[in-house]
Amino acid sequence: PGRAGRGTPTLARASSDQRLDAERFLQRQAALRRGVAPGPRANPGAYRDYPRLSWLVGLGPQGYGALDPAAQRRARLAVDRQLRGLTSPGSGSAPGSSRFSASATPLAPAAPFPRPPGAALRARRARQFLGHFRTDRS
């Protein structure tokens, strides 16, 4: 797929074969289980490939991998919402449909991604120790 804007992929400049391949990939991924494989005995092929799907929310595989676990979960939920919207009944998600027409715009993330690494941990610690550092004790 081509690239436009801030580096988010778009199918607008892709050939019809590339669009068709992308549609098939999205349909295959939508048919797989949500979430990550729960352990070493689980079949990872039965679960969605979130690093490859992260372009749906404005990330790349490296950007997704650099996120902390909580941010990765938010990214997975955003990807699941995007997939649900693309493959819902009546959305025209059949191969060759207008869902990925040449006039498609790049998909923007619903929430700002990614949060700086460790931001959630710093915020939790700041709340946790807030009472110990107050100077206005009466």
Side-chain angles (χ1 to χ4, degrees):
R3 297 211 175 259
R6 302 178 330 191
T8 55
T10 180
L11 295 175
R13 290 189 233 152
S15 71
S16 61
D17 288 340
Q18 288 172 324
R19 277 195 298 275
L20 193 57
D21 289 343
E23 290 177 38
R24 287 181 183 145
F25 171 72
L26 290 175
Q27 288 174 349
R28 281 193 308 269
Q29 290 295 311
L32 296 175
R33 295 181 69 174
R34 293 187 321 241
V36 293
R41 296 175 126 187
N43 177 10
Y47 292 85
R48 293 181 179 164
D49 186 358
Y50 287 102
R52 286 184 60 200
L53 288 168
S54 62
W55 66 270
L56 286 170
V57 292
L59 295 170
Q62 293 82 16
Y64 174 81
L67 296 175
D68 61 288
Q72 281 187 356
R73 184 174 190 284
R74 286 191 301 274
R76 286 194 302 270
L77 291 172
V79 165
D80 291 340
R81 279 193 298 273
Q82 290 288 341
L83 276 178
R84 189 172 41 246
L86 292 173
T87 60
S88 62
S91 69
S93 61
S97 71
S98 63
R99 187 67 180 172
F100 294 106
S101 66
S103 64
T105 57
L107 297 171
F113 283 107
R115 287 182 64 181
L121 179 62
R122 284 192 299 276
R124 274 197 313 271
R125 285 187 179 154
R127 287 190 304 270
Q128 177 183 4
F129 296 111
L130 186 62
H132 298 289
F133 296 110
R134 288 199 175 150
T135 57
D136 61 342
R137 293 183 187 172
S138 307

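Just so it is clear, the structure is predicted and the values come from calculations on it, not from any experiment.
Considering L53, V79, L67 in turn, L67 is the only one that fulfils the side-chain contact (heavy atoms from CB on, under 4.5 Å) rule with L59.
Between Q18 and D21, every side-chain heavy-atom pair lies at or beyond the 4.5 Å cut-off. In this structure the side chain of R28 never reaches within 4.5 angstrom of the side chain of L32, judged on heavy atoms.
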Name each donor-acceptor pair under 3.5 Å that joins a side chain in residues 43-51 to protein atoms two or more places apart or in another chain, with its distance.
| residue | atom | partner | partner atom | Å |
| --- | --- | --- | --- | --- |
| N43 | OD1 | G45 | N | 3.0 |
| Y47 | OH | R33 | NH1 | 3.3 |
| R48 | NE | Q29 | O | 3.0 |
| R48 | NH1 | D80 | OD1 | 2.6 |
| R48 | NH2 | A30 | O | 3.1 |
| Y50 | OH | G35 | N | 3.0 |
| Y50 | OH | D80 | OD1 | 2.7 |
| Y50 | OH | D80 | OD2 | 3.3 |

request  = Show your reasoning for whether side chain to side chain contact (heavy atoms under 4.5 Å, CB included) applies to L83 and R34.
outcome  = CA-CA 10 Å; L83 276 178; R34 293 187 321 241; over 6 Å; no
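Residue S54 comes nearest to P61 through the heavy atom pair OG-N, 3.6 Å, listed as atom of the first residue, atom of the second, then distance. Taking both residues in full, the closest heavy atoms of A78 and V57 are given as CB-CG1, 3.4 Å, listed atom of the first, atom of the second, then distance.
The structure places CZ of R73 at 12.5 Å from CG of D68, a figure rounded to the nearest 0.5 Å.
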